[in-house]
Amino acid sequence: NAQKWLPKSMKIPDFYFFVHPNGGSNAFAINGNQGYDFFQLETDMDGNIDIPSLVDLIAHESHHLGLKVSAPEFKNPKDSLAYSFLQVFVAEGTASKFVDNMPEGFVDKISEGRSKNTDYDIMEIWRGYTLKEGELFDAFESDMKAIYDGTYSQKDVRERMLTFWLQGKKGRAYFLGAELFGAIY
């Protein structure tokens with residue numbers, strides 16, 4: 001499923017699959033590897049790991065590893081900073097919209113069905129983002145302006161990502177990126 005939503009020229013590479021409790025995300029992909037906190041994974045009524053949910057979670061993280069967009073060389077440092085800011089929206093938005101098949105905000109779903117990589121809490125978070133979509137786009141535009149007017153440094157962008165865009169179970173960057181790439185699709 002993850003490979004299907006990548007261009008034919010982009011392939012998900014082989015990767016190491018780490019299992020460890022970290023208290024943050026239940027899963028992540030970084031530097032060609034994937035990490036999973038099995039203490040945070042979805043379980044069934046008997047307390048067993050929900051295998052379909054795990055498979056869909058692996059597909060989401062695998063999509064990150066397969067999405068290889070070469071970074072252009074920018075002459076302007078502000079362009080480089082804006083590009084690194086946008087990369088998070090690309091990675092989380094495309095995985096959320098295409099692999100997880102997250103529901104619409106203002107942009108329709110891509111296909112029928114839904115990934116098991118969502119639960120009631122995530123759907124409630126998504127509904128809340130939908131109600132505030134205009135405010136989220138305003139915040140996005142404001143952050144881009146702060147990058148280009150020199151208000152934000154690399155440290156400021158990283159802080160903004162952690163405290164606003166990626167904060168919580170399914171951060172705002174997932175939603176906004178999903179809406180952007182759903183509209184493009």
Side-chain angles (χ1 to χ4, degrees), residues 1-13 15 24-35 56-74 76-111 115 117-118 122 125-126 129-130 132-148 152-185:
N1 188 30
Q3 186 65 55
K4 154 177 108 170
W5 289 104
L6 291 169
K8 291 186 184 341
S9 63
M10 295 181 185
K11 301 290 183 201
I12 296 170
F15 56 88
S25 178
N26 61 350
F28 62 88
I30 190 168
N31 295 330
N33 301 299
Q34 294 185 36
D56 286 347
L57 183 59
I58 292 169
H60 178 105
E61 298 305 328
S62 294
H63 184 271
H64 293 327
L65 295 183
L67 185 66
K68 296 208 181 337
V69 179
S70 57
E73 290 190 30
F74 296 104
N76 181 341
K78 291 176 183 177
D79 290 334
S80 294
L81 186 55
Y83 183 83
S84 68
F85 177 71
L86 290 172
Q87 282 180 311
V88 175
F89 296 89
V90 173
E92 297 303 351
T94 57
S96 294
K97 193 66 170 181
F98 303 124
V99 178
D100 296 344
N101 195 33
M102 290 302 287
E104 62 274 3
F106 289 103
V107 177
D108 291 336
K109 282 176 60 167
I110 299 301
S111 58
S115 166
N117 187 22
T118 59
I122 290 173
I125 290 167
W126 214 257
Y129 291 156
T130 300
K132 295 181 178 185
E133 187 160 349
E135 293 173 35
L136 293 175
F137 272 99
D138 288 345
F140 177 79
E141 182 180 358
S142 176
D143 287 348
M144 289 297 288
K145 284 180 181 175
I147 289 169
Y148 278 101
Y152 280 179
S153 67
Q154 187 171 2
K155 181 182 174 192
D156 296 319
V157 168
R158 187 174 28 254
E159 182 69 20
R160 179 72 167 155
M161 274 296 170
L162 293 174
T163 61
F164 184 78
W165 291 110
L166 295 174
Q167 180 188 40
K169 187 171 184 175
K170 198 74 150 172
R172 296 166 184 92
Y174 292 71
F175 176 81
L176 195 74
E179 288 291 275
L180 288 168
F181 285 93
I184 291 167
Y185 178 79

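Quick caveat, the model's predicted, so the values are computed rather than measured. Hydrogens, waters and symmetry mates play no part in the numbers below; they use all other heavy atoms, side chains included.
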CA sep, side-chain torsions, deciding dist, call: Leu176, Trp165, side chain to side chain contact (heavy atoms under 4.5 Å, CB included): CA-CA 9 Å; Leu176 195 74; Trp165 291 110; 3.9 Å; yes

Side chain to side chain contact (heavy atoms under 4.5 Å, CB included) between Tyr148 and Leu81, worked out: CA-CA 9 Å; Tyr148 278 101; Leu81 186 55; over 6 Å; no

Heavy atoms from other residues, nucleotides or ligands near NZ of Lys145 exceed 12 (cutoff 6.0 Å): no

Atom CD of Gln87 with >12 non-hydrogen neighbours under 6.0 angstrom: yes

Where do [X] and [Y] come nearest, in terms of heavy atoms and distance?
X: Ala2; Y: Ile12; answer: CB-CD1, 3.5 Å
X: Ala183; Y: Val107; answer: N-CG1, 3.5 Å
X: Ile147; Y: Ala82; answer: CG2-N, 3.8 Å
X: Pro103; Y: Trp126; answer: O-NE1, 3.0 Å
X: Met161; Y: Phe89; answer: CE-CE1, 3.5 Å
X: Ala173; Y: Val88; answer: CB-CG1, 4.0 Å

With distance as the sole test, does [X] use its side chain to make a donor-acceptor pair with the main-chain N or O of [Y] at under 3.5 Å?
X: Asp100; Y: Met102; result: no
X: Ser96; Y: Gly93; result: no
X: Ser142; Y: Asp138; result: no

Chi angles and distances behind the side chain to side chain contact (heavy atoms under 4.5 Å, CB included) call for Phe164, Leu136: CA-CA 10 Å; Phe164 184 78; Leu136 293 175; 4.1 Å; yes

Gap separating the CG atom of Asp143 from the CZ atom of Arg160, nearest 0.5 angstrom: 4.0 Å

Distance (rounded to the nearest 0.5 Å) between Leu6 CG and Lys8 NZ: 11.0 Å

Residue of the set Glu141, Glu135, Glu133 for which side-chain contact (heavy atoms from CB on, under 4.5 Å) holds with Phe137: Glu133

Arg172 NZ/CZ over Tyr129 ring centroid, <6.0 Å and within 45° of normal: no

With sequence neighbours excluded, residues passing ring pair (Phe, Tyr, Trp, His ring centres under 6.0 Å) with Tyr185: Trp5, Phe98

Side chain to side chain donor-acceptor pair (under 3.5 Å) contacts touching residues 62-73 (sequence neighbours left out): Gln34-Ser62, His60-His64, His64-Glu92

Whether Phe85 and Phe140 hold their rings parallel, tilted or perpendicular, with breakpoints at 30° and 60°: parallel

